[in-house]
Amino acid sequence: MKIRSHKELDTYQLAFTTSMEIFEITRNFPKEEIYSLTDQIRRSSRSVCANLAEAFRKRKYPKSFVAKLSDSEAEAAETQVWLDYALSCGYIDENIHTILHVKYDNILGKLVNMSLHPEKWSY
């Protein structure tokens with residue numbers, strides 16, 4: 001089956017749903033965190049999807065494709081750091097932290113695999 005849109009990518013779908021989970025969870029963060037932790041974790045989790053969409057549109061240029069996938073990887077790793085802060089600050093519990101961290105490990109693995117084989121995605 002040929003993938004015609006970034007929205008059809010498993011990686012995108014997982015990243016999108018996970019960023020929406022983060023959005024819902026951060027609604028309960030303290031108001032004093034709105035311009036720091038809340039904003040940062042929402043931005044980085046959404047940027048995973050945005051960079052993946054850009055990468056998909058640049059797939060005919062392998063170096064550009066891989067560069068945008070790398071940006072997406074960086075945003076996913078940044079999101080994991082913000083999750084660590086949220087746990088340490090007591091805004092999320094260990095269970096939620098573990099679930100989300102594992103999802104981002106999965107997303108990172110998928111992004112790395114795409115980067116290692118850009119030829120599979122070109123047209």
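Since we're looking at a predicted model, the values are computed, not measured.
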Would you say [X] and [Y] make side-chain contact, with heavy atoms under 4.5 Å?
X      : Y     : value
Tyr91  : Asn28 : no
Ile41  : Tyr85 : no
Tyr104 : Ser45 : yes
Thr11  : Phe56 : no

Assigning hydrophobic clusters by single linkage (Ile, Leu, Val, Met, Phe, Trp, Tyr; side-chain heavy-atom cutoff under 4.5 Å), is [X] placed with [Y]?
X     : Y     : answer
Ile96 : Val81 : yes
Ile3  : Leu14 : yes
Met20 : Leu83 : yes
Phe65 : Tyr61 : no

Trace of the side-chain hydrogen bond (donor to acceptor under 3.5 Å, both in side chains) decision for Ser122 with Glu119
CA-CA 5 Å; Ser122 64; Glu119 71 282 353; over 6 Å; no
Flag the pair Arg27 and Glu24 as a salt bridge only when some basic side-chain nitrogen lies within less than 4.0 angstrom of an acidic carboxylate oxygen.
yes
Pair Glu21 + Lys103, salt bridge at N-O below 4.0 Å:
yes
Do Thr79 and Ser44 have a side chain donor and acceptor closer than 3.5 Å?
yes
Please check if any side-chain donor atom of Glu33 sits under 3.5 Å from a side-chain acceptor atom of Ser36, or the reverse.
yes
Please work out whether the ring planes of Tyr12 and His6 are parallel, tilted or perpendicular, with thresholds of 30° and 60°.
perpendicular
Where do [X] and [Y] come nearest, in terms of heavy atoms and distance?
X      : Y     : value
Met114 : Leu9  : CE-CD1, 4.2 Å
Arg46  : Phe23 : NH2-CD1, 3.3 Å
Ile107 : Val48 : CG2-CG1, 4.0 Å
Ser115 : Val66 : O-CG2, 3.8 Å
Leu108 : Gln80 : CD1-OE1, 3.4 Å
Pro118 : Pro62 : CB-CB, 4.4 Å

Output all residues satisfying side-chain contact (heavy atoms from CB on, under 4.5 Å) with Asp71, sequence neighbours left out; order by chain, then residue number.
Asn51, Lys68
Quick check for you: to the nearest 0.5 Å, what is the distance between [X] atom [atom1] and [Y] atom [atom2]?
X      : Y      : atom1 : atom2 : value
Gln13  : Asp10  : CD    : CG    : 6.0 Å
Leu87  : Leu100 : CG    : CG    : 11.0 Å
Lys110 : Leu52  : NZ    : CG    : 11.0 Å
Ile92  : Phe29  : CD1   : CZ    : 6.0 Å
His117 : Lys120 : NE2   : NZ    : 5.0 Å
Lys63  : Ser70  : NZ    : OG    : 14.5 Å

Would you say the side-chain atoms of Glu8 pair up with the backbone N or O of Arg4, donor to acceptor, closer than 3.5 Å?
yes
